[in-house]
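All figures in this text were calculated on a predicted structure; none of them were measured in a lab. We name chains A, B, ... by the order of the sequence lines, and we start the count at 1 in each one.
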2 protein chains.
Amino acid sequence: MNAKKELELYIEELRTLVKKRGLKHSSQREQILQVLFLAKEHLTPEEIHQKVKELSPGIGLATVYRTLSFLEKEHLVNSISFGNEGKKYELNRGEHHDHMICLECGKILEFYDEELERLQEVVAKNSGFKLLTHEMILYGICPECQKK
Amino acid sequence: MNAKKELELYIEELRTLVKKRGLKHSSQREQILQVLFLAKEHLTPEEIHQKVKELSPGIGLATVYRTLSFLEKEHLVNSISFGNEGKKYELNRGEHHDHMICLECGKILEFYDEELERLQEVVAKNSGFKLLTHEMILYGICPECQKK
DNA sequence: TTATGTGCAAACTCTTTGCATTACC
DNA sequence: GGTAATGCAAAGAGTTTGCACATAA
C-alpha cells in the first residue's frame, strides 16, 4: 500500500470517529493527523504547530493542543514524556512498541519484545493489578554516540 | 537498625557529598531529606514544601526545587513523572524498583522483577544500545479499585 | 571574611480556558 | 440555523532565575 492511500485510511478513521462522537470534521484536525503521519520522529506540540502552519498558516497553538488531547483520548496518537522536556507525540500505527532514549543525542529508538510484554502481564497479575497499558523507557547511549 | 539511626546515615551521606562538592551544609537541605525519608509515598515539590514548613516555617518553594535538583543529580533521590501531573520524588533507598500506577485512585505501587530487569539488558544489548537506567510504569487498576 | 545558600518576587515555559467568530452538517 | 471548532489572548500551573541578605566554613 502506498503512503498516500495509507494516509487516507487514517483520515477516514478520523472522520468515522468524529461522526461517532457527534462532532464535526475540520481541516485543522485532518492536517495535524497528516503531519503526524508524515513525521519520522516524535514531535512536540510546538513542532507540530510549526509544521501544520505550512498547510494552514493561521492555525493556533491551542488548536494543536486540543486536537492532540482528542486524538490521544481516542488512541489515534500516543504520547511519550520524559524528564521535564514535555510530551512528544507520534501517530499510533497499531503496533505497540517501547522506547530507548539516547542520553547523549536525545534520539528515540523504538523496540518491541514479546517476552518483555508477557512478563509485565505476569508481574501485574501477581500483584492483583489489572494492567491496562504501560510505558517502558530505556535510557542509555545509542550505537552512534558510543563510537564517538 | 532503627529509623532514627537510619536517617542519620542519610544525613551523613548528604554532609559527605556536600563537602566533596565544595559546598556548604544547610539545615534546609537536611530537613528536605528528612521529609523524604519519613514519606511513605512519592511526594510532589509542593507537598514536600508543605511538610518542610512544619520544621522550617520560612522555607521557600524555590529552595525545595533547588534541593531536589541537587539531590536527584547526586542520586540521593529519584523522581517519577507521569502524564502532565508533574514530577514526584522519593528517597533513593538503594533498591531499584519500578512502578505501577492506578489510573483510578492515582496510587503508586512499587515492584521489582529480576527477570524483567535481565530481559531489558538483553533487549538493549541486541540493539547495540548501552543501557544506563530505565523507567517502567505499568498503568492499570489496583486491587482495591477493582473491588468497587 | 568570603563564597554558598536562602527567601522573595519576577520571569519563563508549557498548557488550558473564555469568548467572539467561523465553519460544518 | 444550530452546534462544534477555531484563533486569539489571557489565565494557570509548575519551575527557574536574579538579587539582596543570611549563614556556614
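At least one side-chain heavy atom of Leu23(B) sits under 4.5 Å from a side-chain heavy atom of Phe70(B). Under the 4.5 Å side-chain criterion, counting only non-hydrogen atoms from C-beta, Glu8(A) is in contact with Lys4(A). Between Asp98(B) and Glu135(B) there is no side-chain heavy-atom pair separated by less than 4.5 Å.
With 3.5 Å as the limit, one finds no donor-acceptor pair spanning the side chains of Gln28(A) and Thr63(A).
Comparing Ala62(B) and Ser27(A) against DNA chain D, the residue whose closest nucleotide sits nearer the 5' end is Ser27(A). Residue Lys24(B) is the one, among Gly58(B) and Lys24(B), whose nearest nucleotide of DNA chain C lies closer to the 5' end (criterion: closest heavy atom).
Under the 6.0 Å cut-off for aromatic ring centres, His134(A) and His96(A) qualify, their centroids lying closer than that.
Arg66(B) comes within 4.0 angstrom of a nucleotide base, judged by non-hydrogen atoms across all strands.
Nearest nucleotide to the side chain of His25(A), out of dC19(D), dC24(C), dT16(D): dC24(C). Closest contact between the side chain of Ile59(B) and the listed nucleotides dT6(D), dT6(C), dG7(C) involves dG7(C).
There is no path of hydrophobic side-chain contacts, each under 4.5 Å, that joins Leu103(A) to Met136(A).
A heavy-atom distance below 4.0 Å to DNA chain D is reached by these residues of residues 37-57 of chain B, ordered by number: Pro45(B).
Put simply, CZ on Arg29(A) is 10 Å from C1' on dT6(D), counting in whole angstrom units. One can place CZ of Arg21(B) at 12 Å from P of dG5(C), the figure rounded to the nearest angstrom. The interatomic distance linking Leu61(A) (CG) with dT17(C) (P) rounds to 14 Å, in whole Å. Between the NZ atom of Lys19(A) and the C1' atom of dC24(C) there is a distance of 12 Å, given to the nearest Å. Per the geometry, CG belonging to Leu23(A) stands 5 Å off P belonging to dA5(D), to the nearest Å. If you take CD of Glu30(A) and P of dA4(D), they are 21 Å apart, rounded to a whole angstrom. Here the C1' atom of nucleotide dA25(D) and the CZ atom of Arg15(B) are 12 Å apart, to the nearest Å. Taking atom CZ of residue Phe70(B) and atom P of nucleotide dT16(D), one finds them 16 Å apart after rounding to whole Å.
Residue Thr63(A) has no polar side-chain atom (N or O) positioned under 4.0 Å from OP1 or OP2 of dA5(D). Checking the phosphate oxygens (OP1, OP2) of dT16(D), no side-chain nitrogen or oxygen of Tyr65(B) falls inside 4.0 Å. Using a 4.0 Å cut-off, no side-chain N or O of Gln28(B) falls inside it from OP1 or OP2 of dT23(D).
Salt bridge Glu74(B)/Arg21(B): present, at least one basic N to carboxylate O contact under 4.0 Å.
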